[in-house]
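Worksheet: the structure to be examined is printed underneath.
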Amino acid sequence: MDIINILPDSVANQIAAGEVVDRPAGAVKELLENAMDAGATQIDLVLKDAGRTLIQVTDNGCGMSDSDARLCFERHATSKIQRADDLFAIHTMGFRGEALASIAAIAQVELRTRQTGADIGTRVVIEGAQIVSQEPTACPMGTTMTVKNLFFNVPARRNFLKKDAVELSHIEETFRRITLIHHDIGFSLTHNGKKLYDLSAGSMLQRICGLFGQPMKERLYAVEEETDLVKIRGFASRPEYSRKTRGEQYLFVNGRFIKHPALSAAVEKAYTDLLPDHSYPSYFIGLQVDPARIDVNIHPTKTEVKFVDDHALFAILRSAVKRAIGQFSLATELSFDTPEEFNIGPAPAGYVPPEPKISYNTGYNPFKATSSQTHLRMEGLERAKREERIEQPRLTDEAEEIVDTPTMQAAQTAACMQLQGRYIATPLSSGLALIDQQRAHERILYDRLISSQQSAISSQTLLFPVQCRFSAADAELFGELMPDLKGYGFVIDAMGGCTFVVSATPAGVNESTIQELFDQMLTDHKGASMQKHVQRSQCLCASLARQMAIKPGQQLTQEEMQQLVADLFACPMAEMSPSGKRTITIVKPEELLK
Ligand code: ADP
Ligand code: MG
């Protein structure tokens, strides 16, 4: 008995359709891409019921001739094959003339199109892959594709659709992935009669704001880089605007949205030390690479790609983002020229200025640098200066070695004032800088601790060694951390059992608080080791820096403040404390005027 049947075309088409269009968002993507391929400068998307009952895309692109308007619904009908070389390979691979055939197999479609230069347009109606009618029609130049009742003949698919809110959110995400990178094209999205987006052609930043709201403008830094291998253009969020979810993270390659865990990791890596736990940066970054350097042997309907130069790309991207978030704000804003004179305006009538108060340095002085500490700092500055003169190294496979150029210049002596025992105010040409003394000091100490692992150790020997005791479990943990602690300038001996003797500490540690310092450090370490991505050394240094830093309420002398400001500006990531909080706010002249 023969049991093999040939599937009727309609069934075969429906099955194939499922691969291209599995939900309304899939059809939206295909239609928007076709409109862009037609060279449109304005594309309008209209939806009803999250695309279930209506998806309509109108473009002002090149349009189609009478016969093309019929042909385009045939499987393997495409005008793009001869152009495949110029197009991003994964774009055309696997989509060779399949989309419209697929959509027409599972919906009622009406096409109205008029070719550039033609007097009259054409209207084609097709339903379940059968052409119902074709006639001349008056219509504007370009194409309108109207897709009604998606999956009308595939109940299984239709029943699988989620609530409108869910389907609409898929469509919106598709819309963002396309419109973000094609910001030179105007787009709109209307749902159930309500215009959700109206995006005029413009810069990428304008597009980001159009999609995610105007405040984004203040929250992003530009990321730019150009090498033989790749051209990078985009935006990444300032560390203080990180989010608790990995929401707004967009990578594009040659104009197409991609998912690439390693490249995403490269971006996030640039934020190491800058973000609080469980926070993620937002980014919108486009890469241009030679299509020949992309491996296309990857499933075409997926957003995954493989690059030949994976490693180098990773390093370039990371360093570009790092430079963007570390460099732009302060490097351009801070300069230590004589401050401009601000017109503060007259005092309100009857205002009696309070008598100026001078604060003394009463307490302990955290800045009495030991010689080795000074040495370290000087060495840091020297190194910074040297690196400034080095050109960006050529890209090789060792691109990991790229040095980030230093961004801050050490402050020359500008007058400082302490406010409320916790902020340092100092004038800059771009405004008035307000520096949080504790966070600033945390940043300085953290950088010193982290770097002291490789270079000189600034250690102070205690006159009387200090004994520390821990619970049995903590003692074991402490024993494990001892090698790290030695790297930071502690000299510790295990006395057996749960007792340890500390005979030297990093400069600046108050010896009466050593036990407390270690207890807190162990607590922090236990907390951090729950999260795999935090490196042990980062956690230890952050914990130590936080505890060693000067606290609010501590009065500082003029000299100390100037030193603190200078040291802060010598740090590559001066703007942020190790835990990701802002160290500096700049009050702009306009704001002072108010
Ligand atoms: P592909 O895009 O892979 O070529 P499609 O099935 O999506 O396959 O489209 C088939 C053909 O129909 C395209 O190659 C193009 O020539 C034509 N086409 C589709 N949409 C439009 C449009 N909006 N404007 C002009 N031509 C279009
Ligand atoms: Mg197409």
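Order of appearance sets the numbers: ligands from 1, and atoms from 1 within every ligand. One-based numbering along the sequence shown.
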query: Will you find, in the side chains of Q134 and R70, an N or O donor that is under 3.5 Å from an N or O acceptor?
result: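 Yes.
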query: Do T41 and N60 get their side chains close enough for a donor-acceptor pair, meaning under 3.5 Å?
result: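 A pair is found: one side chain offers a donor N or O, the other an acceptor, under 3.5 Å apart.
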query: Which ligand 1 atoms are under 4.0 Å away from a heavy-atom of M64?
result: 17 (C), 18 (N), 21 (C), 25 (C), 26 (N), 27 (C)
Distance filter under 4.0 Å to A99 heavy atoms, resulting ligand 1 atoms: 6 (O), 7 (O)
field: Polar proximity ligand 1 side, D37 side, N/O cut 3.5 Å exclusive
entry: no
message: Pairs of nitrogen or oxygen atoms closer than 3.5 Å, one from E30 and one from ligand 1: do any exist?
response: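 The answer is no, given that E30 and ligand 1 share no N or O pair closer than 3.5 Å.
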Under a 4.0 Å heavy-atom limit, does [X] contact ligand 1 with its side chain, its backbone, both, or neither?
X    : answer
A38  : side chain
L100 : both
V57  : neither

task: Describe, in one word, how the ring planes of F307 and H260 are oriented to each other, choosing from parallel (under 30°), tilted (30 to 60°) and perpendicular (over 60°).
output: tilted
Aromatic ring pairing F212/Y250, orientation class (parallel under 30°, perpendicular over 60°, tilted between):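 Correct class here is tilted.
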- prompt: Would the F235 and F284 ring centres measure less than 6.0 Å apart?
  reply: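 They do not qualify: ring centres at least 6.0 Å apart.
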message: Looking at C139, is its backbone amide N or carbonyl O close enough to the side chain of R114 to form a donor-acceptor pair, meaning the two atoms are under 3.5 Å apart?
response: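 At least one qualifying donor-acceptor pair exists.
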